[in-house]
Number of protein chains: 2
Amino acid sequence: MADTAKRLAALRERMRQTGTDLVALGPGSHMQWLLGFHPHPDERPCLLFVGPQREAFLMPALNAEGSRGATDIPFHPWSDAEGPQAALAAALADAGATDARRVVLDETMRADFALTLLEALPQAGHAFTDATVGALRMRKDETEFAALKASATAADRAMQRAFSALRPGLSETELAAEIRAAFAEQGAAPLFTIVGGGGNGAFPHHQAGERRFEEGDAVVIDIGARKGGYPSDITRMAVVGRPPEGYRDVHAVVERAVQAALAAARPGVPAKAVDAAARGVIAEAGYGDYFVHRTGHGLGIDGHEPPYLTSTSETELEEGMVFSIEPGIYLPGRFGIRLEEIVILRADGPEIFSDLPRDLHVAGA
Amino acid sequence: MADTAKRLAALRERMRQTGTDLVALGPGSHMQWLLGFHPHPDERPCLLFVGPQREAFLMPALNAEGSRGATDIPFHPWSDAEGPQAALAAALADAGATDARRVVLDETMRADFALTLLEALPQAGHAFTDATVGALRMRKDETEFAALKASATAADRAMQRAFSALRPGLSETELAAEIRAAFAEQGAAPLFTIVGGGGNGAFPHHQAGERRFEEGDAVVIDIGARKGGYPSDITRMAVVGRPPEGYRDVHAVVERAVQAALAAARPGVPAKAVDAAARGVIAEAGYGDYFVHRTGHGLGIDGHEPPYLTSTSETELEEGMVFSIEPGIYLPGRFGIRLEEIVILRADGPEIFSDLPRDLHVAGA
């Protein structure tokens, strides 16, 4: 609740700065950040309204009891028989937002929640949370840093388990199962286990499949799990036996791209400058067409959140922001290489969460 | 793909009947039903457009390769550097929907996807999928029935495991773990395990907690898991030792409410008539204020989907619809009782998926 009071005050300050009359959040990550909980999300409209002075909850009656202990914000419950319209009007009035003209919508809420709300506020224009909740969530406090660090440490151990288990004849899904077991043993709930061997590594979002590792396979291992409410995300490369023809040169290019991005990431720099630093190294080496995604994404309660490190993002990096740096080169039919660090931006540059080197791990060596 | 062709044809027929120029689906259950897959959902706009003659996909470039094998629909990829605007315009043109005036939006898509699309179609009015995809999904074919039946059978076995494991001193979470293990052994991924003993049973959405069962606890066990792409959902009541004072009379009321709803559910009847049948029995017995939720919900790819059996729903029940019948009475501080069946509506009435009786299970008896 102490965090909630602090975060609500910071949100109201942002609302004043941006001329926002109402912030409406669905039962998701933004609400989790602000209140430390969110009701069960389903098809029943459930919205938190933050007005200029007061907050109010549009709350499905079925969830009211379960949520009551978690917050002091007034509930406006509605039953399945009544439907949400009357409670919606009452909640907006309670939040002092009946005449709101500038409304910030949680961009992740369901389309029907958003359009129902906008129909109840025909005079209102809308924006998403970029300049309010989103801007605040990008900068992590030390509590969040500690949780992210603990989660990253679990991911390091799961990656080391993967390195130990990798051998010819094992399938991608079997390696993924080892990784998930390593996470589970540490109290972390697996979120994704991308294991791409050989040509599969050239698809950036390939999940683990039935393919079995062969001598000479380069393997992309990109894994994450949730622990203490916060996710991890790390990518390392391993090889079964001897790396394929040309592998080491390309790995070195990706490594230089990571280092260039780390060197470029400083408070006050636009996010696109970090992308440009990584992309420049790869383009100069002749692989520009094979780096098909952005350089990074923020990480917090969500595994993907602002800031996004794209070639066009003007978002100014600030101290306390946490994001990935993960350039890659994907050569169709041959192999893919991605190296990913999660960092927190300090005054003098990025601090890396992981303790693992980014070198190619040679299995069985 | 055969299912897709049939379902697309049925959707186009609904579009003609409703004067719909464009159906836009996000990467979720509606798309899963139509195409048999959906791309990874994240913050990158990804939409399937179904126009009068053609379909087109607005597709994040990162997901294009992974989705290519799953469909022949033309992709309009966009990269993180470009952003989605140009690809969105091209996809709308490809679907013949640039001038669409009546647009159906997947109500579950993210608010930012929906508002971005509506801004690209300023001349368009919108509706949600109720009369198109939603109406079609309510009626299950025999393939879907078979998958739901297999899933329900797994839930019956998990419930029987719960009955065997229940004893004084065991905690709600420990019983939930038994249930999840029983699901996992059958290849079913647990979705929820509501285990509410004693007073906890009086909160309809209570999850399993640390409370340990005591002699005389009535226990609500409401569980579901996903198997073969389809969920299960069943609620039964158990008691540790002798049931609490007054329990058996209230159980009998809920049982009569289930039977009244089963008798009322016939093709051609509005959904609210089924709710009224169950609610009438409970009100007549003097417990009307303690039945705080709707009588049922549809079940298909989603665990909660149309039709909803509320006191106001005019939705006409049809042969092939699958839904829950789950009246309950919740007496604060004493106990809660809910009995839930999933049924498919046949020409002559509902066919129940579960083979378990709805009697009170007495643990250790």
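Since the model is a prediction, treat every value here as computed from it, not as a measurement. Order of the sequence lines fixes the chain letters, A, B, ..., with proteins taken first and strands second; residue numbering starts at 1 for each chain.
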Whether over 12 other heavy atoms sit under 6.0 Å from [X] [atom1]:
{"X": "Arg102(A)", "atom1": "CZ", "result": "no"}
{"X": "Tyr290(A)", "atom1": "OH", "result": "no"}
{"X": "Phe128(B)", "atom1": "CZ", "result": "yes"}
{"X": "Glu65(A)", "atom1": "CD", "result": "no"}

Inset, instruction - Using a strict cut-off of less than 4.0 Å between a Lys/Arg side-chain nitrogen and an Asp/Glu carboxylate oxygen, indicate whether Glu82(B) and Arg294(A) qualify as a salt bridge. - result: no
Inset, instruction - Check whether Arg68(B) gets within reach of chain A through its side chain, its backbone, both or neither, counting any heavy atom under 4.5 Å. - result: neither
Legend entry - Engaged part of Leu62(B) at the chain A interface, taking heavy atoms whose separation is under 4.5 Å: both
Quick one: list whatever passes ring-ring contact (aromatic ring centres under 6.0 Å, His included) with [X], sequence neighbours left out.
{"X": "Phe75(A)", "result": "Phe57(A)"}
{"X": "Tyr308(A)", "result": "none"}
{"X": "Phe291(B)", "result": "His293(B)"}

Contact origin within [X] toward chain B - heavy atom pairs under 4.5 Å:
{"X": "Thr108(A)", "answer": "both"}
{"X": "His126(A)", "answer": "side chain"}
{"X": "Asp106(A)", "answer": "backbone"}
{"X": "Ala81(A)", "answer": "both"}

Inset, instruction - Quick one: which of Thr310(A), Asn63(A), Asp80(A) has the most heavy-atom pairs under 4.5 Å with chain B, could you say? - result: Asp80(A)
Inset, instruction - Can you measure from CG (Asp302(A)) to CG (Asp42(B)) and round to the nearest 0.5 angstrom? - result: 11.0 Å
Legend entry - Inter-chain contacts: residues 113-125 of chain A against chain B, heavy atoms under 4.5 Å: Ala114(A), Leu115(A), Leu118(A), Glu119(A)
Inset, instruction - Would you check if Arg110(B) and Glu107(A) make a side-chain contact, meaning some heavy-atom pair closer than 4.5 Å? - result: yes
